[in-house]
S.K.: 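Submitted below is the structure of interest, expressed as structure tokens.
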Amino acid sequence: ITIVLSFLFGFAFSQEGDKKLTHIVTATFDSKKEVDYLFYDRLDQSKLLFAAIEPRILEKFNLNDDSLIGLTFIITYGSIP
């Protein structure tokens, strides 16, 4: 099952002039660790750890619930080079 979802993980990009890279990956949700959400990239099985996810995404998809483990998401996230 693939859930098509574009979500922006909680990075602070509010400052004008910050250079941001946007990444889009298809990844399978594996688990919620102590403070991180663990996904595996479907392309190369690399780990994707996210420390923060926007609250509006967690309201729609409760990633703290084990029932979502194994579901595939299309994830959009930002990073600073």
Side-chain angles (χ1 to χ4, degrees):
I1 297 175
T2 299
I3 297 175
V4 178
L5 171 68
S6 175
F7 47 99
L8 182 63
F9 286 86
F11 291 96
F13 294 130
S14 59
Q15 305 241 347
E16 228 178 279
D18 281 347
K19 293 188 178 190
K20 302 169 258 187
L21 295 176
T22 300
H23 308 275
I24 301 173
V25 296
T26 301
T28 302
F29 179 56
D30 184 75
S31 61
K32 164 102 170 49
K33 301 295 181 192
E34 290 177 24
V35 294
D36 297 319
Y37 296 89
L38 175 61
F39 291 81
Y40 283 96
D41 188 316
R42 297 280 302 226
L43 183 63
D44 63 7
Q45 292 301 304
S46 61
K47 280 185 184 180
L48 300 166
L49 285 172
F50 298 99
I53 298 177
E54 286 189 3
R56 67 183 175 87
I57 300 304
L58 291 175
E59 286 176 18
K60 188 166 186 164
F61 298 96
N62 183 3
L63 297 176
N64 297 312
D65 183 354
D66 289 346
S67 69
L68 297 181
I69 291 174
L71 289 180
T72 300
F73 295 85
I74 296 174
I75 302 170
T76 302
Y77 67 96
S79 66
I80 298 174

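Counting from 1, the numbers follow the sequence of the chain as shown.
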S.K.: List for me each residue that meets side-chain contact (heavy atoms from CB on, under 4.5 Å) alongside Leu43, sequence neighbours excluded, and say none if there are none.
M.R.: Asp41

S.K.: Roughly how far, to the nearest 0.5 Å, is OG1 of Thr72 from CZ of Phe29?
M.R.: 12.0 Å

S.K.: Distance from Thr26 atom OG1 to Phe73 atom CZ, nearest 0.5 Å?
M.R.: 12.0 Å

S.K.: So which heavy atom on Tyr40 is nearest to which on Gln45, and how close?
M.R.: CD2-O, 3.3 Å

S.K.: Output the distance between atom CZ (Phe50) and atom CD1 (Ile75), rounded to the nearest 0.5 Å.
M.R.: 5.0 Å

S.K.: Run the side-chain hydrogen bond (donor to acceptor under 3.5 Å, both in side chains) test against Ser67 and tell me which residues pass, sequence neighbours left out.
M.R.: Asp65

S.K.: So, taking the atom named OH in Tyr37 and the one named CG in Leu49, what distance separates them when rounded to the nearest 0.5 Å?
M.R.: 12.5 Å

S.K.: Output the distance between atom CG (Leu38) and atom OG1 (Thr28), rounded to the nearest 0.5 Å.
M.R.: 10.5 Å

S.K.: Step by step, work out the side-chain contact (heavy atoms from CB on, under 4.5 Å) result for Tyr77 and Leu48.
M.R.: CA-CA 11 Å; Tyr77 67 96; Leu48 300 166; 4.1 Å; yes

S.K.: At their closest point, which heavy atom of Lys32 faces which heavy atom of Leu63, and how far apart are they?
M.R.: CB-O, 3.9 Å

